[in-house]
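Just so you know, residue 1 is the first one in the sequence shown, and it goes up from there. First listed ligand is number 1; within each ligand, the first listed atom is number 1.
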Amino acid sequence: MPVNVRSNNSEVAVSVMRLVKKYKDVVAVNDISFSVNKGEFFAFLGPNGAGKTTTIKILCTLIRQTSGNVYINGYDTIRNRKDVRMSIGLVFQDPTLDNDLSALENLNFHARLYGMNRESVGERIDHILDFIDLYDYKDKPIKLLSGGMKRRLEVGRGLLHSPSVLFLDEPTAGLDIQTRINMWDFIDKLRKEEETTVFLTTHYIEEAENCDRIAVIDKGKIIAIDTPSELKKSVKSKDGNVPTLSDAFISLVGREVRGEAGTAIDRMRELNRVLRR
Ligand SMILES: Nc1ncnc2c1ncn2[C@@H]1O[C@H](COP(=O)(O)OP(=O)(O)OP(=O)(O)O)[C@@H](O)[C@H]1O
Ligand SMILES: [Mg+2]
């Protein structure tokens with residue numbers, strides 16, 4: 001039986017210490033340390049290949065770090081994997097719903113996976129369907145829903161087992177502006193009503209702007225971590241204009257377009273390995 005290793009600070013939802021992840025000769029995450037407080041809305045903002053998804057996958061126990069420690073609600077992601085999985089919800093960068101099943105069937109499947117109580121699960125599913133505004137569509141196959149509806153369902157599924165920390169890896173990528181705005185209203189509601197800690201990765205500066213704190217990540221390193229207003233204050237104003245978050249971001253990471261070190265085949269292999277575990 002693994003020993004439950006809990007860190008002491010009950011105010012901290014996520015604690016990351018000296019985390020390193022190497023894929024052969026690529027150092028995807030290069031010795032990062034940070035923590036996220038309970039109830040906080042926290043963002044990883046960084047260019048392509050910065051190490052955002054890799055970090056989230058380690059925090060969610062999908063892959064193992066090369067070195068360093070991660071605690072979620074005090075549980076060690078390696079020694080207490082099951083406890084960590086029960087306390088988190090995860091919405092992936094790429095869609096993972098079963099397209100041939102209905103919204104209701106997808107949620108039921110998730111509930112069984114998490115061993116949720118059969119008697120109370122129906123009520124919880126109804127509440128979630130209502131919360132994500134999809135109650136009237138619950139019996140439709142997923143393939144008939146719009147992109148925004150599918151994303152809402154992914155988030156709803158991530159919330160079904162009432163996790164205290166919700167990880168969202170680019171939840172609005174590929175959605176139109178209206179759907180993105182709706183999605184943000186919805187995440188706002190979620191934070192108020194479910195008091196969930198939200199850990200988000202994004203490329204969109206305006207999304208990071210709404211967060212309590214932002215970690216700017218590039219080439220596997222956290223290069224700044226602060227509130228949006230403090231990050232803006234850290235750059236010199238140009239021509240007397242008040243600096244924007246975008247100015248701060250560009251002054252921290254530069255304008256160079258990032259290349260991708262790992263190949264698509266490497267990523268597919270790794271995903272297949274995770275799914276087979
Ligand atoms: N399975 C893998 N095998 C080899 N290299 C990988 C693998 N997964 C990621 N990488 C590499 O690790 C680095 C970090 O990738 P990661 O996907 O974590 O970045 P990201 O910040 O999520 O980028 P994006 O914004 O494009 O989603 C990149 O150089 C990437 O090519
Ligand atoms: Mg990513």
Side-chain angles (χ1 to χ4, degrees), residues 14 16-34 36 42-68 70 72 77-78 88-97 147 150-151 154-155 158 165-175 180 183 187 198-209 211 213-225 231 245-246 248-250 252-277:
V14 177
V16 173
M17 293 170 202
R18 309 214 56 177
L19 187 67
V20 175
K21 175 68 184 177
K22 293 181 187 158
Y23 295 107
K24 295 190 190 128
D25 49 352
V26 177
V27 186
V29 177
N30 190 358
D31 195 5
I32 62 173
S33 301
F34 64 96
V36 180
F42 185 85
F44 254 11
L45 178 66
N48 286 129
K52 304 181 295 294
T53 299
T54 301
T55 306
I56 285 224
K57 281 185 180 164
I58 296 169
L59 270 48
C60 294
T61 79
L62 295 178
I63 57 172
R64 269 192 181 219
Q65 61 267 48
T66 306
S67 60
V70 178
I72 307 288
T77 48
I78 292 179
I88 61 170
L90 172 61
V91 179
F92 284 105
Q93 191 168 357
D94 301 312
T96 57
L97 294 165
K150 286 186 204 170
R151 287 267 95 187
E154 298 240 11
V155 178
V165 188
L166 182 66
F167 291 93
L168 302 165
D169 193 12
E170 297 194 32
T172 60
L175 298 180
R180 274 165 55 199
M183 187 79 191
I187 288 174
V198 178
F199 188 138
L200 153 96
T201 78
T202 185
H203 289 133
Y204 296 117
I205 305 253
E206 70 271 30
E207 284 181 1
E209 188 106 45
C211 294
R213 269 186 322 141
I214 302 171
V216 178
I217 178 168
D218 190 22
K219 297 175 184 157
K221 286 267 184 206
I222 291 182
I223 46 181
I225 183 164
L231 285 174
L245 193 54
S246 180
F249 182 67
I250 292 297
L252 286 162
V253 303
R255 283 173 165 267
E256 165 213 351
V257 174
R258 304 311 195 261
E260 285 285 305
T263 64
I265 290 177
D266 284 338
R267 287 171 183 239
M268 282 306 293
R269 281 205 188 113
E270 192 238 325
L271 191 65
N272 280 334
R273 226 183 24 246
V274 168
L275 293 175
R276 268 194 258 113
R277 275 215 309 244

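Contact annotation: T201 places no N, O or S atom under 2.8 Å from the Mg ion (ligand 2).
A 4.5 Å side-chain heavy-atom check between I58 and K21 finds at least one atom pair inside the cut-off.
Without hydrogens or angle criteria, K52 side chain to G46 main chain gives a donor-acceptor distance under 3.5 Å.
Partner L19 forms a side-chain contact (heavy atoms from CB on, under 4.5 Å) with one of N30, D31, T66, V70 and no other, that one being V70.
Residues passing the side chain to side chain contact (heavy atoms under 4.5 Å, CB included) test with T202 are L45, L200, Y204, E207, A208, sequence neighbours excluded.
If you number the atoms of ligand 1 from 1 as listed, the ones under 4.0 Å from a heavy atom of T54 come out as 14 (C), 15 (O), 16 (P), 18 (O). Residue A28 has at least one heavy-atom neighbour below 4.0 Å for each of these atoms of ligand 1: 12 (O), 13 (C), 14 (C). Annotation for ligand 1: atoms under 4.0 Å from non-hydrogen atoms of E170 are 25 (O), 27 (O).
Residue nearest to atom 28 (C) of ligand 1, selected from G49, G51, G46, P47: G49 (by heavy-atom distance). For atom 26 (O) of ligand 1, the nearest non-hydrogen atom from the set T55, N48, D25, L45 belongs to N48.
For an aromatic pair to be called close, the ring centres must be under 6.0 Å apart, and F44 with F34 satisfies this.
Ligand 1 has H203 within reach: a non-hydrogen atom of the residue lies less than 4.0 Å from it.
Pairing each heavy atom of P171 with each of T201, the nearest pair is CD-O, 3.8 Å.
In terms of polar-atom proximity, V26 is not counted as a contact of ligand 1, lacking any N or O under 3.5 Å from an N or O of the ligand.
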